[in-house]
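Worksheet: the structure to be examined is printed underneath.
What you see is a predicted model, and the numbers here were worked out from it, not measured in a lab. Residue numbers begin at 1 in each chain, while the letters A, B, ... track the order of the sequences.
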Amino acid sequence: MLDPLGEWKKTHDCNTLGLGHAGEQVVLMGWVQRRRDHGGLIFVDLRDREGITQVVFDPQADALAHERAHGLRSEFVIAVRGTVRRRPEGMTNPKLKTGEIEVLVHDLKILNVAKTPPFHIEDDTEASESIRLKYRYLDLRRPVMQRNLILRHRAAFLTRNYFADHGFVEVETPVLTKSTPEGARDYLVPSRVNPGKFYALPQSPQIFKQLLMVAGFERYMQIVKCFRDEDLRADRQPEFTQLDLEMSFIHEEDVFALIEGWICRLFQELLGVELSTPFPRMTYADAMNRYGTDRPDTRFGLELVDLTEIVKDCDFRVFRQAVESGGRVKSICLPGGSRLSRKDLDDLIEFVQGFGAKGMAWIKVQPDGWQSPITKFLSEGVRGAIAEATGAGQGDILFFVADQPKVVHESLGNLRNRLARQMNLVEDGAFQFCWVTHFPLLEWDPDEKRYVAVHHPFTAPLEEDLPLLDEAPEKVRSRAYDLVLNGTEIGGGSIRIHRQDIQNKMFAALGIGPEEAAEKFGFLLDALQFGAPPHGGIAFGFDRLLMLMSGAASIRDVIAFPKTQKATCLMSGAPSEADINQLLELCIRVETEGR
RNA sequence: GGGGACGUAGUUAAGAUGGUUAUAACGCCGGCCUGUCACGCCGGAGGCCGCCGGUUCAAGUCCGGUCGUCCCCGCCA
C-alpha cells in the first residue's frame, strides 16, 4: 500500500512552478491539502513548506495513478512525477501563486497515510487554542505558523550577524546556576550529587554578562532562554528568549545608537518597513505625567493634562479633597467623544474603577454649552482654564480622575489605551518606538517595609543623584532605560555599577546586609575588586518583539511549543509527577497535603 | 491569591420558561460525477452534553464542588 521513496528526488518546491516550466518533467513531494474527486479527473492541492501546487490525476495520463488517487485523504504524504502544463483557458486560480499551471501526474507514490486530522490545516482555522496546542505538530503545519517561525529564524540569524559585525562575541552562560534574591520566582533543579541542594534556572544571565565584562570581553551577546516561575499572560511564558547584550566603556547613547541600528535592519530586511532614527526619548517622569505609564503607546495622542493647580480651589469637593490629601487631578480629552452614550460612559467608569479610581467625572462640549454633572461646581474662570489647558473643542469629551498619583496614572493611562482601541485611533501597521530613560532607582515596598530595586540591584544611579541615596532614596534616578514599541516594553537595560563601594551602598539601601550580599553575590562583589570596566547593556524580549513584528495576538504564536496559562504543555503533558526512584535518588519527598 | 468568559458529535457552534428521539455547519464513511480549486449531487455513521455530587417524577438546562482553556488584576528586579 505504501511506497518507498526509492531514488526519487524532489525537483521543485510547491511555490516555484509557473508558465516558464510548461512541458517540464518534475517531482513534487508534500502533503495532501485537499482532494477534489470528479470521478474522472481528480485534483489534489499538494502542500509543502513553500506553497501549494495543483496536481491532476487523469486516467488517460496514467490509469493506475488515477485509481490510487481515489484513496488519497487529507494530510497523506505523497510524491508525484508529472508534467507541468498550462491550465486550460479560464481555469487559472489567481489565489494561488502557481495558479496558472498544474502538474499532470504520470506516477504517484503514497509515502505515508494520515489519520483524519482534528482540524483542517489552513490559516483561518476554527480550532480552539487548546486543540491546536494538543496537536501542535499539526498546528505548526499551518502556513501562518510556519511564516512566524521562519520570521523568527531570520530575525535570530540577522541579529547574530548584526552584532558579530559590531564586534560582539556570543558566549553561552550556564542554565544550571544559582538562585538570586529579588525578582521573579526561580525554577529549581535538584542536584543528585549534592543532596538537598538546588540549582536555579536563570531569570536572565545578568550577573554572568557583567562578569564577562570584568573578564575583558568588552562586547558580549547571546540569544538565550530565561525562566521565571510567575503567572502567565498573553505576552508572558515561563520560559522565554532574550537577546541579551553587554558592552564595556560605553554610555547610554552608545547603547541607543547600536540598538536603533539593529531594529532598523530587522524591520527593513524582514518587514520592508523603514524606520527613522533616532527614536524619540522620554524621561520616566515625562512618560508618567503625559501617558500615565512607563510604556507609553505613542501611536496616538490623548495625552493626560494635569489640572491640579486649576481645580484645587473649585467647589467640586471630590477634586478639592483629592488635592488636599496630596493627590492630583488629571484629564484626557477625547476628540469627538461627546457622542458617547450614557451606557458607554458607565462602561468607561467601571473600567477605571478596576484600576482603583473611585469614580470618573466627564464633561461633554456641546453646541449649547458644557453638559456634565459637575459643571455647576466650576466657575467661569475655572472652565476657561480647563478648556485652554486641555484644548477641548466642540464635540469633544473630557474625562477626569482625581486621586493619588498612582491611581490617576493607572486609570487614565489604561483608559487612554482603551479609548484609542475603541475609537479606532490606532493606525494599522504603525510602529512607534520610544526610549524611556531616568527610571527611579528604588521604590518603597510597603509589604517588605524596605526599598527594592526598580530595575535590578546592579543598576547605576545617576551620578548627580548619588548624594540622595542616603537622605531620599526614592528620589534617586537611575541610568536605566527601556525601549517601548506601540505601548509594549520590548527591551530594558542600564549602565551598571562597576565600583564595589557603590555596589555596597546599593545593597545597604536595599537592606541587604553584608553577609547576605556576600552569600548571594560574593563572586560579583569579588569580581568588582579586580578591575571591572565601566559597562552597561540591555536585554530584549525576543518572543515579544517577534509577536509585534508578525502581528500575532499572543506570544504563543511565535513559540513552537508554548505552555498554557497554567504553565503546562498540552502536547507532552509536562509537568508530570516524578518517578519515586528519581525522587529517592534526589532525596526529595513530595508533600502536597494541605495545599 | 482574586475577578471575568467558556466547556454539547472529529471540529466550531445552537439548544427560552427543567419535559420524552439533543440540532446545524464543516469534517468523516459509502455511492455518482472529466475542469475543480470552500467542487457538486445522493445516502449514512458519529454524543459519558468536561467530571463528581445535590434538588426534582424528570437535569445539557437549576444548585454546590471539581478539572481544563482563555482574558485581566496581583505577581513578572
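- Considering NZ of A/K225 and CZ of A/F240, their distance stands at 10.5 Å, rounded to 0.5 Å.
- Residue A/T92 is in base contact, counting any heavy-atom pair closer than 4.0 Å across all strands shown.
- Listed nucleotides: B/U69, B/C71, B/U36. Nearest to the side chain of A/R556: B/C71.
- How far NZ of A/K95 is from CD1 of A/I52: 11.0 Å, rounded to the nearest 0.5 Å.
- In this structure, B/G30 and B/C42 make a Watson-Crick or G-U wobble pair, each of the two defining distances being under 3.5 angstrom.
- Listed by residue number, the members of residues 226-233 of chain A with any heavy atom below 4.0 angstrom from RNA chain B are A/R228, A/E230, A/D231, A/R233.
- Ionic pairing of A/R132 and A/D139 is present here: one or more N-O contacts between side-chain nitrogen and carboxylate oxygen are shorter than 4.0 angstrom.
- Among the heavy atoms of the strands lying under 4.0 Å from A/Q60 is at least one base atom, whether or not backbone atoms are also near.
- Spacing between B/U23 and B/G46 at atom P, rounded to whole Å, works out to 13 Å.
- One interatomic measurement links the two molecules: CE of A/M91 to P of B/C39, which rounds to 16 Å at whole-angstrom precision.
- Not a single donor-acceptor pair under 3.5 Å links the side chain of A/R479 to the backbone N or O of A/P461.
- Under the rule for a ring-ring contact (aromatic ring centres under 6.0 Å, His included), the partners of A/F458 that lie at least two apart in sequence or sit in another chain are A/H456, A/F521.
- Within 4.0 Å (heavy atoms only), A/S554 reaches no atom of the nucleic acid at all.
- Taking side-chain N and O atoms only, A/R36 has a distance below 4.0 Å to OP1 or OP2 of B/C39.
- OP1 and OP2 of B/C28 both lie 4.0 Å or more from every side-chain N or O belonging to A/K115.
- Remark: B/G7 base-pairs with B/C67. Criterion, Watson-Crick or G-U wobble with two distances under 3.5 Å.
- The CD1 atom of A/I490 sits 11.0 Å away from atom CE of A/M547, with the distance rounded to the nearest 0.5 Å.
- Among the protein residues, A/R34 comes within range of the sugar-phosphate backbone only, with heavy atoms under 4.0 Å from sugar or phosphate atoms but none that close to a base.
- Counting non-hydrogen atoms under 4.0 angstrom, A/V454 reaches the backbone sugars and phosphates but no base.
- Between A/Q54 and B/U36 there is no side-chain polar atom (N or O) within less than 4.0 angstrom of OP1 or OP2.
- Aromatic stacking is not marked for A/H120 over B/C26, as the cut-offs of 5.5 Å for the centres and 30° for the planes do not both hold.
- In this structure, A/I538 CD1 and A/L245 CG are separated by 7.0 Å, a value rounded to the nearest 0.5 Å.
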Take A/F57 and A/H70 through the test ring pair (Phe, Tyr, Trp, His ring centres under 6.0 Å) and record every step on the way to the result. CA-CA 9 Å; A/F57 296 89; A/H70 281 296; 9.4 Å; no
For nucleotides 5-13 of chain B, give me one character per nucleotide, 5' to 3': B if any protein heavy atom sits under 4.0 Å from the base, S if the only such contacts are to the sugar-phosphate, - if neither. -----SBS-
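- Looking only at side-chain heavy atoms (C-beta outward), A/F76 and A/R35 stay at 4.5 Å or farther from each other.
- Between A/R132 and the phosphate of B/U69, there is no side-chain N or O to OP1/OP2 separation shorter than 4.0 Å.
- Between A/S74 and A/T116, every side-chain heavy-atom pair lies at or beyond the 4.5 Å cut-off.
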